[in-house]
S.K.: 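Can you keep this structure in mind? I'll have questions shortly.
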Amino acid sequence: MPVRPDQPLFEIEEPAAAPRSATKKPTDADQRPVGRVVRVLPDQPAIDKVFDYLVPDEMVKAISVGTIVRIPLHGRRTGGWVVEDDVVSLTKAKLQPIAKVTGVGPPPELFELAEWAAWRWAGRAASLLRTASPATAVRGLPRSPLRPAPTLTPVAADEVHDLAALALREAVATVRLAPSVDPYPLVAAAAALGPILLAAPVASTARRLGQRLRRAGLPIAILPEDWGLSRAGWASTFGSRSAAWAPISSPAAIIVIDEHDESLQQEQAPTWNARDVLIERARRLGVPCLLVSPTPSLEALRAGTLLTQSRNAERAGWPLVDIIDRRDEPPGSGLFSERVVDVLRSDARVVCVLNRKGRSRLSACGSCGEIATCEHCDAAVIQGEDSNLVCLRCGKTRPALCAKCGATKLKNLKAGVSRVREELEALVREPVAEITAERGTDAGGTGTRVVVGTEAALHQVHKAEVVVFLDFDQELLAPRSRAAEEAMALMVRAARVVGGREGGGRVLIQTRLPRHEVNQAALMADPTKVSDAEFSRREILGFPPFTAMALISGASAQAWIGAFDAPLGVAVMGPSDGRWIVRAPNHETLCNALGNATRPAGRLRIEVDPLRF
DNA sequence: CGGACAAGCTGA
DNA sequence: CAGCTTGTCCGG
């Protein structure tokens, strides 16, 4: 019978008050007649300093390391975490009492992990501990059910389950599973060892996996709502990026789903990555860490032993890929090859992907051929949906007419999604929906057979027979250091929308670069084509993971760089666009240097492991 | 973070 | 020099 942790199987008990560390040496500290003193870290990342407080008698039982309290500080009250108990305070200031116990906080080991992460991503421990803390006060923890958790019946003769058995013997295992392969047997195998911790880039992925395990009878905490259950320690914990900071104390194993996904990295500084936090967390606990992905990141390939499916099984988990070589077609021959037109006119459900918003990204005058540019800054202007011309650099808008000859007819040299939607409707003679990040599901993209959109379409459409990349070269040639990996991640998304090849899943790629490693990797269902190429490229360029980097930006970046005394082996490059790069042979050197630097006042962003540089 | 207090700027 | 802004410091 399934255990429903939210039903009255358990009662609420007082927060586990750690036994008052068996009467610490009653020596010199007791010269002073004060009572118990604890050290508290305020929850304001800007303070980054600990303060000592007296524990009033009525709070003695409720307070231990990790407890969330309110403290008087500088004439007002703030929240904070008890980070040390039974402190011998050396301060000359007279101690104030703790004002209030708010509730249960993260387990003690997360404080050490937060300190490490603060060093690793040049941030403050408080911002990480916020992520590790409950959204609202938790006053008691659910008690473990009396009946033992059922033993899971292993999935019979399942390849993924067998992979799990191997993976769970490693400290860190990188498990490559094709896009349409269900990771559940892996999760179930790990959960058979005891409560596990699982993080996935998309909350709904984590939730679905958790619910399946819950149906199998295991107690499951799904974050953020089940924070208390996770803190209680006996339930497997599932969540998105922030689950890297889940309060579960001793998971038997840690799993990161789709570890290659960029959304596992926090956008705001400190830019910690759930994958890297969890590798470290597993290492400290001495439990296996499973990094799962159809296209493992270079970081995962370096961190763990690679385990793969059989070649046949992996191929079956990728869709059939058609590379449509457009090199022979003249430029300007339109966005739709014959192959694509055929598919569009079939009765298949099709998602067309084009990462260009608006009507036109590049326009020229229909009569004189002049490229439409901004009157202010000379950058090329784009034509938005209202058909006005907008400069992306300075934001100026002007009506759609040629600046040279005044003609009002503009030629569309690079169509955007809005324009393509109109063209598609003319082509298929039925309504076509447009999906971009801004105009999402509300635009009702699911109703029509043919959909066109930016990559947001691949998030919002769950099932289609064909995905068409109308101009994949745009992804492949994007001026970004991680363009190939990002294109590969997009391919994985597409592969999931259409499913594996035995189910008829199909992806069409229009490209002029048929030999590009991403195209070849997709065609052959072999992601090593991308990682191999990327490894050698990065090694030649001295990019991560062969080095460690941080990107320094913001109004005070100049001042920071000026005061930065780069130690041996650490290089400062820049500025470009007001940003500097600090590069070191490894994180040890980089993070120590960043930690020793003095921080000027004002806005400063230190992005360790930048995704874009 | 946000209050306290000091140093700088303005106006008559 | 009051009255106000801006900057720096510091908290138990």
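Treat the numbers as computed from the prediction; the structure is a model and nothing was measured. Naming: A, B, ... by sequence-line order, numbering from 1 per chain.
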S.K.: Kindly state each residue pair satisfying ring pair (Phe, Tyr, Trp, His ring centres under 6.0 Å) with at least one member in residues 43-74 of chain A, sequence neighbours excluded.
M.R.: none
S.K.: Can you measure R77(A) atom CZ to dC1(B) atom C1' for me and round it to whole angstrom units?
M.R.: 17 Å
S.K.: Is E58(A) atom CD crowded by more than 12 heavy atoms from other residues, nucleotides or ligands, each under 6.0 Å away?
M.R.: yes
S.K.: Name the closest nucleotide to the A601(A) side chain, picking from dG12(C), dT8(C), dC1(B).
M.R.: dT8(C)
S.K.: Could you state the CZ-C1' distance from R130(A) to dC1(B), rounded to the nearest angstrom?
M.R.: 9 Å
S.K.: To the nearest Å, how far apart are I47(A) CD1 and dG2(B) P?
M.R.: 9 Å
S.K.: For residues 572-585 of chain A, please give each side-chain donor-acceptor pair under 3.5 Å, one per line with the distance, not counting sequence neighbours.
M.R.:
| residue | atom | partner | partner atom | Å |
| --- | --- | --- | --- | --- |
| R583(A) | NH1 | L541(A) | O | 3.3 |
| R583(A) | NH1 | G542(A) | O | 3.0 |

S.K.: Please check the phosphate of dG11(C) (OP1 and OP2 only) for any side-chain N or O of K49(A) closer than 4.0 Å.
M.R.: yes
S.K.: Roughly how many Å is it from CD in Q44(A) to P in dC1(B), rounded to a whole number?
M.R.: 7 Å
S.K.: Give, for atom CZ of F546(A) and atom CG of L298(A), the distance between the pair rounded to the nearest 0.5 Å.
M.R.: 7.5 Å
S.K.: From the options dG2(B), dG12(C), dC1(B), select the nucleotide whose nearest atom is closest to the side chain of L95(A).
M.R.: dG12(C)
S.K.: Categorize R39(A) for me: base, sugar-phosphate, or nothing, with a 4.0 angstrom heavy-atom threshold over every strand shown.
M.R.: nothing
S.K.: What is the distance, rounded to the nearest whole Å, between atom CG of L41(A) and atom C1' of dG11(C)?
M.R.: 13 Å
S.K.: Rounding to a whole Å, what distance do you find between L73(A):CG and dC10(C):C1'?
M.R.: 9 Å
S.K.: Please report the distance, rounded to the nearest Å, between CG in D48(A) and P in dG12(C).
M.R.: 17 Å
S.K.: Tell me: CG of D43(A) to C1' of dG11(C), nearest whole Å?
M.R.: 14 Å
